[in-house]
Amino acid sequence: MRGARVLAFWLAGCLFASGAWPQVRSLSADLRYETQWTRYGFQDGTEATASRSLWGLFLEGRGFVYHPRFLAVEARGFLEGERRRGDPALPNLRFRRRSPYDLRLTFFAYRPVSLTLRAFRQTDTSESPAPYFRTDRVEQTTSAGASLRWSRLPHMEVAYAHSRFTFETWGVARQEVRLRSWTAMLQKDWRQSRWEFRAARFDYDTPGWVDTLRVEGAWSRLRGNPLRVQAGFQTWGAMDAYWVDFYRLADDRRLYARARWTEAPGFRWLDGAGRYEASLSRRLRLTVEPSVSEQAFRDVRYRVGSIGTGLAWETRWKGWGLALIPRISVSYHTGDGQQGWGYGGGFTGIVQRSVLQGQFRWELGGNYDLRPILPRYTTWSVQTGASWEKDVGGAFRVFVFARRRWQETSAVDSTVAWDFQNAGLHLKWPRLRIQAWAELSDMAWHRVTYSRRLLGFSVGPIRVGPVVGEMTHQRETVNGRPYDLTRGDLRWRVGRFQFMAVSTYYRTSGPTRRDWWDVRFWVQRPIPLIGGAERPSVFR
């Protein structure tokens, strides 16, 4: 303690002796105001209204002490409040936020070794007048970090943080969570490769919260064909997890592989998978995907091993582009009284051609899978789709598409059928974008049916000088019950003032009819109090 006092007096003497007082490089204030009005309509024909006002003052500043290379200072804080009013049938809420301080100090920012200190405190308060209750949430964090940047040594960063979160509800309960965290990062470029190491430790002083440790390392090749190997582990409480990832890319080959191992009392999960792609010729490409997994929960074990392969063949003939992609897979399942072979296969065909100076694409495919999890657990699926895209002079673009997918899954005496269709139109100009879409889906399971229809369109953003507008409308029908949603946005800038208005209308029909109309209006005004080339970063 005595040594710290001596060091503080020595630093103060050096600063004041040099005549360099703390200086402010930039300081700005941001004023924000928002008002909202909402109307609710209920099934019995009654209505209720509510309003809300939100205001805020945000301050950000940056400066230095003695010299920018010695001690850089960043500070941020805000004061915010909210007020809600409404009919007795609606809740009356109030919310406010205060940040007494958010301060960051950086020593020797431009030196090989730098030190960063931070202190942060924020309070969130919410109130409800009838019945009255109040909840306060307080967050306090102090942290310190060091960074080493020197070409002869690995780049290294270490940090320590201590945080406390307090939740207190008036007259009910109080809870406090304390957290200590350590993080470290090490990175070194060695000849044509890079080594990385990261570690993080989180310790909680509060019962019921689980401490966590995560360590991860990686090696990458920087030149030539990309190659990366990554491995790590994480432990939280009585559960451990380990993983290894590998990938390698080349001009004619790609290889991906991963392995996972998670273990806890009475539970184990092993999982490994890979993917290999290789060009056999200019038009033919091979894909192989092996995988294996094991799950054990108490006395139940389940294992699966599979391998799938596919070929992609592409060619061109008299202006037509053709692609054929067959796929087959074989798997073996065992566990929980069920075992046996599983089979799967599929086929996809793609046709492309220039039509009306645009690009037309049509796709048709189907898949079949049999798995011995349950007697005759099978899945059929068929999908098809077409699209047409065209660019006109680089300024106008049109895109039209339509797709459909049908799938049926059967197991024992249960069958689930699903049919999904969607279509859309996109028109895009430099100052305008128009979109329209439609979705239809039907599902049947035993005697239960689910039907969904969706139609919608959007226009915008429309730019006229400093004004930008956009509108979206969609109508969704679920099992015969319609829902309507309309939203309009309007944003404009006048000098340093930024304005924004949003109107939303939502309506449901049927026995639970309800109308909801919401209008919001924002005003924002940044004010530079002290000019500076740099604006402080927002750190949270």
Side-chain angles (χ1 to χ4, degrees), residues 1 3-4 7-8 11 25 60-78 99-123 137-166 176-190 194-206 209-220 230-237 240-243 534-540:
M1 190 66 178
L7 179 60
L11 289 175
R25 298 288 297 274
E60 299 181 18
R62 172 179 293 181
F64 64 88
V65 176
Y66 183 66
H67 193 277
R69 296 180 178 272
F70 172 70
L71 174 58
V73 181
E74 293 179 82
R76 169 180 172 267
F78 60 88
S99 284
Y101 52 81
D102 191 350
L103 179 65
R104 177 177 295 180
L105 307 177
T106 303
F107 292 86
F108 313 114
Y110 302 95
R111 297 298 180 181
V113 180
S114 61
L115 175 65
T116 301
L117 305 176
R118 186 192 180 193
F120 171 78
R121 178 184 172 90
Q122 178 174 300
T123 303
R137 178 188 179 276
V138 180
E139 176 185 352
Q140 297 183 89
T141 299
T142 55
S143 62
S147 177
L148 172 63
R149 298 178 299 272
W150 194 13
S151 58
R152 298 182 180 181
L153 295 175
H155 177 201
M156 181 174 59
E157 295 181 3
V158 294
Y160 167 79
H162 184 275
S163 303
R164 184 179 67 178
F165 304 88
T166 303
E176 183 176 270
V177 178
R178 293 177 178 266
L179 166 66
R180 296 190 305 270
S181 64
W182 296 265
T183 58
M185 188 277 290
L186 185 66
Q187 178 179 299
K188 176 62 177 178
D189 292 345
W190 181 260
R194 171 176 295 173
W195 295 87
E196 300 175 68
F197 175 82
R198 299 178 186 274
R201 172 75 180 181
F202 300 92
D203 290 342
Y204 295 89
D205 294 340
T206 304
W209 294 72
V210 181
D211 298 340
T212 303
L213 172 64
R214 181 184 178 95
V215 179
E216 189 170 5
W219 176 82
S220 305
Q230 182 174 326
F233 74 91
Q234 181 173 350
T235 173
W236 56 101
D240 301 321
Y242 305 85
W243 62 87
E534 69 270 36
R535 179 177 175 86
S537 58
V538 177
F539 48 90
R540 304 185 183 279

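Side chains included, hydrogens not; waters and symmetry mates left out as well; all remaining heavy atoms used. The shown structure was predicted, so the numbers you read here are calculated from the model rather than taken from an experiment.
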I want to check something: taking the side chain as every heavy atom from C-beta on, are [X] and [Y] in contact at a cut-off of under 4.5 Å?
X      : Y      : result
Arg149 : Pro112 : no
Tyr101 : Gln140 : yes
Arg62  : Val73  : no
Arg104 : Thr116 : yes
Arg76  : Glu74  : no
Val177 : Trp209 : yes
Leu105 : Leu71  : yes
Phe78  : Gln122 : yes

task = Could you tell me which non-hydrogen atom of Gly145 sits nearest to which non-hydrogen atom of Leu115, and how far apart they are?
result =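 Smallest interatomic distance, heavy atoms only, reads O-CD1, 3.1 Å.
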Nearest heavy-atom pair of Ala109 and Ser114: which atoms, and what distance?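 Closest pair (atom of Ala109, atom of Ser114, distance): CA-CB, 4.2 Å.
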For Trp236, which residues count as a ring pair (Phe, Tyr, Trp, His ring centres under 6.0 Å) partner, sequence neighbours excluded?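 In terms of ring pair (Phe, Tyr, Trp, His ring centres under 6.0 Å), with neighbours along the sequence ignored, Trp236 is linked to no residue.
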Using only atom types and a distance under 3.5 Å, with no angle test, would you say the side chain of [X] pairs donor to acceptor with the backbone of [Y]?
X      : Y      : answer
Thr123 : Ser99  : no
Thr206 : Arg178 : yes
Asp102 : Phe120 : no

Next on the checklist: Looking at Trp219, I'd like to know if its CH2 atom is crowded, meaning that more than 12 non-hydrogen atoms belonging to other residues, nucleotides or ligands lie closer than 6.0 Å.
Outcome noted: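 Buried by this count: over 12 neighbours within 6.0 Å.
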Could you measure the distance from the [atom1] atom of [X] to the [atom2] atom of [Y]? Nearest 0.5 Å is fine.
X      : Y      : atom1 : atom2 : value
Trp243 : Phe233 : CH2   : CZ    : 8.5 Å
Glu157 : Leu186 : CD    : CG    : 10.5 Å
Phe197 : Gln187 : CZ    : CD    : 13.5 Å
Arg214 : Arg201 : CZ    : CZ    : 14.5 Å
Leu213 : Thr235 : CG    : OG1   : 7.0 Å
Gln230 : Ser220 : CD    : OG    : 8.0 Å

(request) Name all residues meeting the side chain to side chain contact (heavy atoms under 4.5 Å, CB included) criterion together with Arg69; count only those two or more places apart in sequence or in a different chain, and write none if there are none. (result)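 In terms of side chain to side chain contact (heavy atoms under 4.5 Å, CB included), with neighbours along the sequence ignored, Arg69 is linked to His67, Tyr110.
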Indicate the ring-plane relationship of Tyr160 and Trp182, choosing parallel, tilted or perpendicular according to the 30° and 60° boundaries.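 It falls in the tilted class, 30° to 60°.
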Would you call Arg137 and Glu139 a salt bridge, using N to O less than 4.0 angstrom?
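A salt bridge is present here (some side-chain N lies under 4.0 Å from a carboxylate O).
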Apply side chain to side chain contact (heavy atoms under 4.5 Å, CB included) to residues Arg121 and Val138 and explain how you reach the verdict. CA-CA 7 Å; Arg121 178 184 172 90; Val138 180; 3.7 Å; yes
